[in-house]
Amino acid sequence: MLDKVFDPQAAEPRLYDAWEASGAFAPRDDAAARPFCMVIPPPNVTGALHIGHALNNTLQDVLTRFARMRGDATLWLPGTDHAGIATQMVVERQLAAEGNISRRDMGREAFVERIWDWKATSGGTIVRQLRRLGASCDWSRERFTLDEGLSAAVRRVFVTLHRQGLIYRDKRLVNWDPQFQTAISDLEVEQREVDGCYWHFAYPLEDGSGEIVVATTRPETMLGDTAVAVHPSDERYTALVGKCVRLPIVGRPIPIIADDYADPEKGSGAVKITPAHDFNDFRVGQRHHLPLINILDPFARINDNAPPEYRGLDRFAARKKVVEAFEALGLLRAIEPTRHAVPHGDRSGAVLEPYLTDQWWVDAKTLAQPAIRAVEEGRTLFEPRNWEKTYFEWLRNIEPWCISRQLWWGHRIPAWYGPDGHIFVAEDEAGACAAAREHYGRDEALRQDEDVLDTWFSSALWPFSTLGWPEQTPDLHQFYPTDTLVTGFDIIFFWVARMMMMGLHFMGEVPFRRVFINALVRDAQGAKMSKSKGNVLDPLGLIDTYGADALRFTLTAMSGQARDIKLSTQRIEGYRNFSTKLWNAARFCEINGCVAVPGFDPGSATATVNRWIRGETFKAWAHVTKSLEDCAFDDAAGALYRFVWNVYCDWFLEFAKPILNGADEAAKAETRAVAAWVLETILKLLHPVMPFVTEELWDKTAARDGLLITAPWPDLPDGYVDGPADVEMNWLVGLITEVRQLRAEMSVPPSARPPLALIGADPVTLGRLARHRDLILTLGRLASAEPAAAPPAGSAPFVIGEATGALAIAEFIDLAAERARLDKEIAGHAADIDRTAKKLANADFIARAPEEVVEDNRERLAEARNAKTRLEAAKSRLEALA
RNA sequence: GGGCGGCUAGCUCAGCUGGUCAGAGCGCCUGGUUUACACCCAGGAGGUCGGGGGUUCGAACCCCUCGCCGCCCACCA
């Protein structure tokens with residue numbers, strides 16, 4: 001006996017354990033099965049599940065469960081990411097809170113040890129939370145980006161790319177984060193609009209013949225200026241090119257050069273050039289062989305290349321001092337307030353500095369070409385398609401990727417330096433030593449590179465490293481390329497594009513056939529969820545309150561949104577109600593003895609209701625199947641919702657009641673079997689989205705062999721759709737709806753049982769009336785429903801097809817109300833007639849519209865006219881009475 | 001500056017390749033102890049589909065244009 005309501009709190013953990021214990025999460029061992037694999041976007045190992053994860057992983061689980069039920073050898077491979085900067089930052093903060101200890105105080109080894117401890121304590125959190133959500137990952141294959149196998153993959157990739165010349169060491173400008181004291185990649189730079197100034201400085205010509213004015217938003221960088229550039233065709237300055245200015249404060253003579261980079265339209269048309277502290281200036285410097293003068297230390301303080309009074313000053317203090325100096329020198333020409341974008345570190349929030357350092361780089365341009373081609377050729381498809389444009393845009397303009405980080409948490413760069421600085425890149429120290437021996441002709445002490453790799457370097461290998469590469473494992477052969485990647489658009493560059501590059505380079509094949517880009521979850525007001533705003537919806541709290549199924553269904557139903565999902569608890573509550581509705585439908589079946597009959601063939605059903613619901617079930621199945629194949633998750637959810645609630649519960653079960661309570665045993669048996677079959681089919685179709693409640697019902701509503709999670713997806717024949725049954729049931733639904741509307745509008749008390757007369761019904765309709773009289777009486781709350789030659793006196797009419805229904809409710813009819821009701825109905829038909837007639841009077845319409853459309857309109861016009869005539873007749877009778 | 005989304009009932013959103021497509025859920029209003037379900041049932045009100053123009057026999061859906069809102073990329077003279 002089913003409980004009154006489903007208790008997710010109690011049932012979910014039990015059901016999850018049962019799935020896991022059954023081995024259902026592992027791919028089925030069937031050589032003939034089609035392989036289906038997805039790799040999880042690995043969450044930060046120390047992180048907690050947020051609503052975005054909930055969405056992303058719900059969709060993945062839906063696809064996984066769908067594939068599994070369809071019989072594929074299904075693998076959803078889980079794992080976590082070491083998340084270099086993010087994790088290191090968390091632990092550094094902990095240390096600071098504990099007693100102001102810095103990682104440097106601690107030393108590298110102890111610090112890294114400390115992070116591993118932290119990983120050990122908090123690392124299970126998000127994985128446990130994914131289980132709460134119902135994620136059917138194969139936990140036996142769980143991976144971590146820093147585990148041994150993946151580290152081996154990282155080293156192999158690094159060494160290989162280095163040997164191929166696609167990884168190299170280079171001294172160039174990087175985005176330097178002075179807070180973390182590490183280089184970061186272009187992608188980790190966040191431009192923020194801030195208020196600032198243009199300071200206009202006069203640089204006196206060395207020969208004393210005048211000055212040249214330049215403007216800057218970063219005055220301190222002038223300490224590193226090595227030229228002033230003007231445009232070659234800028235006549236104002238033609239005479240000055242080749243001369244020198246004497247750099248104020250510093251006293252260094254620097255040349256005035258001609259370069260296209262200077263824009264005559266901007267400011268004075270002359271621009272100061274600081275090659276060591278500006279990306280554009282760096283390029284100008286290279287063209288003109290200008291010296292690079294680095295004036296900052298890693299903390300972004302002024303270094304010893306600047307005049308003594310500036311050394312050690314923070315850049316912003318130096319800025320102030322430089323401006324004051326110019327003012328004192330009488331060389332400050334103007335201060336112009338401005339709003340401009342300033343680069344900040346996306347993690348630290350610190351203002352970044354272009355900074356000259358030695359770093360490791362990936363030749364992304366070369367690797368990008370196959371990645372571009374693969375998407376152009378459709379070997380990987382983006383869904384929705386338009387994200388391809390974003391992908392192409394970035395890859396076609398890609399810059400070298402700075403992969404070294406001056407951090408401690410991550411994959412140590414497999415490069416060793418000899419005493420003379422010679423670099424030996426090898427997968428391990430022994431390899432490096434061997435190479436060094438060969439190079440030097442003797443053993444030399446080597447020093448490993450201190451840096452670690454960008455976290456995204458290891459993530460880029462995820463689709464094959466997790467499957468065992470570089471070992472040639474059975475998993476790798478069976479599951480690469482993977483099927484679908486589900487991820488957010490915010491990491492198309494960080495992750496998707498780089499997986500494409502690495503996958504194609506090392507596996508010779510795309511890492512996934514399809515990329516589904518899911519939306520971003522926001523709060524009910526549309527604001528981005530963030531801890532500081534306090535508008536974060538914790539998925540675990542929602543699961544506690546509404547159950548995992550309700551949250552999953554909500555996220556699935558809302559996943560169609562192009563950019564963001566505004567989540568509200570009201571919506572979740574609504575879908576929790578949906579799960580309760582399903583539960584109660586199952587209870588109804590149970591109470592009425594609707595138990596699945598093994599081997600029952602719905603195709604054999606004879607009763608009209610049963611033939612009809614069988615066809616409706618087919619339509620729902622076809623709709624859901626197609627939608628899930630196409631990643632149209634919202635569409636699948638909508639179809640399921642409507643079918644379960646508005647078709648199965650609202651109509652079919654109501655239609656079934658008189659039969660189930662009736663005396664016709666054969667009809668009863670058939671209806672019971674059909675009701676149970678439909679319910680069983682619903683459980684299967686709904687399982688990918690609502691796995692818990694469906695599994696529970698699967699278990700409790702019949703004695704079955706296995707778990708629902710591994711039950712086969714239905715495969716229904718289109719012969720299940722029965723056209724005549726559809727028409728008949730639609731007529732019945734229409735009739736009952738009309739009766740209900742009329743009763744409500746005329747305020748007929750629910751207890752009243754008026755008789756219904758049907759006038760002008762043709763033989764087909766009379767047959768329907770006879771077949772469904774029981775239902776009509778019950779659902780319409782009527783005393784009788786009989787054909788008649790004319791409407792009884794004091795009845796309210798309505799139109800149902802070719803016939804006119806007349807509800808004998810004389811005692812409830814209010815003349816004014818009935819007149820108003822009829823007028824409104826008549827007006828509706830009149831408007832319809834008007835519109836349709838106008839259309840049909842249009843020669844162009846007749847000539848150009850498809851015959852089908854024209855015919856539809858003709859029928860519509862005829863029906864509307866007919867209905868209007870009958871209602872008008874009813875109205876005159878009414879008036880005659882009055 | 002370049003690109004991409006969005007603008008449809010009070011709210012959140014569906015409306016695929018133009019022809020009952022003007023819809024759903026929530027909210028609101030009216031009525032309901034119909035033994036599966038009040039986490040429910042029946043019924044109802046409410047929108048000139050952001051503005052303007054165009055294409056078409058016909059446009060929420062296609063084109064142009066304008067206006068807001070949001071995001072991404074580039075830009076620290």
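Proteins come first, then strands; the chains are lettered A, B, ... in the order of their sequence lines, and each starts at number 1.
- Look at the P atom in both B:G70 and B:U8: the space between them is 15 Å, to the nearest Å.
- Closest non-hydrogen pair, A:I846 versus A:L840, comes out as CD1-O, 3.4 Å.
- Which of B:G44, B:A36, B:A77 sits closest to the side chain of A:K657 comes down to B:A36.
- Rounded to whole angstrom, the span from the CD atom of A:E745 across to the P atom of B:G32 amounts to 17 Å.
- Within the shown strands, nothing qualifies as a pairing partner of B:A14 under the Watson-Crick or G-U definition with both distances less than 3.5 Å.
- Among the heavy atoms of the strands lying under 4.0 Å from A:C649 is at least one base atom, whether or not backbone atoms are also near.
- With B:G31, B:C72, B:U34 as the candidates, the nucleotide lying closest to the side chain of A:P750 is B:G31.
- Atom CG in A:D346 sits about 10 Å away from atom P in B:C73, given to the nearest Å.
- Where A:N592 and A:N842 each meet RNA chain B at their nearest nucleotide, the meeting point lying more 5' is that of A:N592.
- Side-chain N/O atoms of A:R860 and A:N857 include no donor and acceptor closer than 3.5 Å.
- As rounded to whole Å, 11 Å separates atom P of B:C71 from atom CD of A:E190.
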Before you tell me yes or no, could you show the steps for A:R587 and A:E590 under salt bridge (charged side-chain N to carboxylate O under 4.0 Å, His left out), namely the whole-Å CA-CA distance, both residues' side-chain angles and the distance that decides it to 0.1 Å? CA-CA 5 Å; A:R587 283 184 71 216; A:E590 183 182 56; 5.6 Å; no

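- Between the C1' atom of B:A77 and the CD atom of A:E265 lies a distance of 13 Å, rounded to the nearest Å.
- Across all strands shown, A:P354 has heavy atoms under 4.0 Å from base atoms, whether or not it also approaches the sugar-phosphate.
- Among the heavy atoms of the strands lying under 4.0 Å from A:R781 is at least one base atom, whether or not backbone atoms are also near.
- A:V214 comes within 4.0 angstrom of nothing in the nucleic acid, heavy atoms only.
- Rounded to whole Å, the P atom of B:A77 lies 32 Å from the corresponding atom of B:G5.
- Atom CG of A:D832 is separated from atom C1' of B:G19 by 14 Å (rounded to the nearest Å).
- Among the heavy atoms of the strands, none lies under 4.0 Å from A:R743.
- Checked against B:G43, B:A77, B:C37, the side chain of A:R587 finds its nearest nucleotide in B:C37.
- The side chain of A:A585 lies closest to B:A36 when the candidates are B:A77, B:A42, B:A36.
- Pairing for B:G67 goes to B:C7, judged as Watson-Crick or G-U wobble with the two contacts each under 3.5 Å.
- The partner of B:G27 is absent, by the rule that a Watson-Crick or G-U pair needs both atom distances under 3.5 Å.
- Comparing the same atom, P, in B:G15 and in B:A24 gives a spacing of 15 Å after rounding to whole Å.
- Base pairing of B:C39 is not made with any nucleotide, judged by Watson-Crick or G-U wobble geometry with both donor-acceptor distances under 3.5 Å.
- One can find a donor-acceptor pair under 3.5 Å joining the base of B:A36 and the side-chain atoms of A:E654.
- Between A:R740 atom CZ and B:G43 atom C1' there is a gap of 10 Å when expressed in whole angstrom units.
- Going from the C1' atom of B:G6 to that of B:C13 covers 12 Å, rounded to whole Å.
- Rounded to whole Å, the separation between the C1' atoms of B:A9 and B:G50 comes to 15 Å.
- Donor-acceptor pairing under 3.5 Å is lacking for the side chains of A:K838 and A:T836.
- Nucleic acid contact for A:Q191: base, since at least one base atom lies under 4.0 Å from a heavy atom of the residue.
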Quick one, A:W387 with A:F489, criterion ring-ring contact (aromatic ring centres under 6.0 Å, His included). Give me CA distance, side-chain angles, the key distance, then yes/no. CA-CA 8 Å; A:W387 288 109; A:F489 56 78; 5.0 Å; yes

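- Residue A:P749 is out of contact with every strand shown, counting any heavy-atom pair closer than 4.0 Å.
- Judged purely by distance below 3.5 Å, without hydrogens or angles, the side chains of A:H200 and A:E336 pair a donor atom with an acceptor atom.
- Within the 4.0 angstrom heavy-atom criterion, only backbone atoms of the sugar-phosphate kind lie near A:K4; the bases stay farther away.
- Among the nucleotides B:U20, B:G43, B:A36, the one closest to any side-chain atom of A:I591 is B:A36.
- In this structure, A:W645 does not reach the B:C39 phosphate: none of its side-chain N or O atoms is under 4.0 Å from OP1 or OP2.
- Residue-level contact check: A:D263 touches the bases, meaning some heavy atom is under 4.0 Å from a base atom.
- Among the nucleotides B:A36, B:G25, B:A77, the one closest to the side chain of A:F588 is B:A36.
- A:F392 carries A:R396 over the face of its six-membered ring, with the cationic atom under 6.0 Å from the centre and within 45° of the normal.
- The interatomic distance linking A:L582 (CG) with B:C39 (P) rounds to 17 Å, in whole Å.
- Proximity note for A:Y198 (side chain, C-beta onward) versus B:A77, B:G43, B:A36: the nearest is B:A77.
- Using a 4.0 Å heavy-atom criterion, one finds that A:A262 contacts the bases of the nucleic acid, with or without backbone contacts as well.
- Base contact: A:Y261 has a heavy atom under 4.0 Å from a base atom.
- A:L352 comes within 4.0 angstrom of a base, heavy atoms only.
- Taking atom C1' on both nucleotides, B:G27 is separated from B:G18 by 33 Å, rounded to a whole Å.
- Distance from the side chain of A:Q741 is smallest for B:G44 among the nucleotides B:G44, B:A77, B:C71.
- Across all strands shown, A:W199 has no heavy atoms under 4.0 Å from either base or sugar-phosphate atoms.
- Residue contacts shown for A:Q570 are limited to sugar-phosphate atoms, with no base heavy atom under 4.0 Å away.
- Base-pair partner of B:A22: not found among the strands shown (Watson-Crick or G-U wobble, both distances under 3.5 Å).
- Side-chain contact, A:E393 with A:N397: a donor N or O sits under 3.5 Å from an acceptor N or O.
- B:G51 sits 15 Å from B:C69 when the C1' atoms are compared, rounded to a whole Å.
- Side-chain atoms of A:R576 come within donor-acceptor range of the base of B:C39, with a qualifying N/O pair under 3.5 Å.
- Taking every side-chain heavy atom of A:K824 into account, B:A45 is the closest of B:A45, B:A77, B:U34.
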Given the rule in the salt bridge (charged side-chain N to carboxylate O under 4.0 Å, His left out) test, do A:E654 and A:K657 qualify, once you have shown the distances and angles that lead to the verdict? CA-CA 5 Å; A:E654 295 303 326; A:K657 279 175 183 174; 3.1 Å; yes

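- The side chain of A:K389 lies closest to B:C4 when the candidates are B:G25, B:U34, B:C4.
- Following rounding to the nearest Å, A:E193 (CD) and B:C73 (P) show an atom-to-atom distance of 14 Å.
- For the residue pair A:D195/A:H340, the side-chain donor-acceptor check at 3.5 Å is not satisfied.
- Across all strands shown, B:U33 forms no Watson-Crick or G-U wobble pair with both distances under 3.5 Å.
- Between B:C41 and B:C26, the distance separating the two P atoms is 9 Å to the nearest Å.
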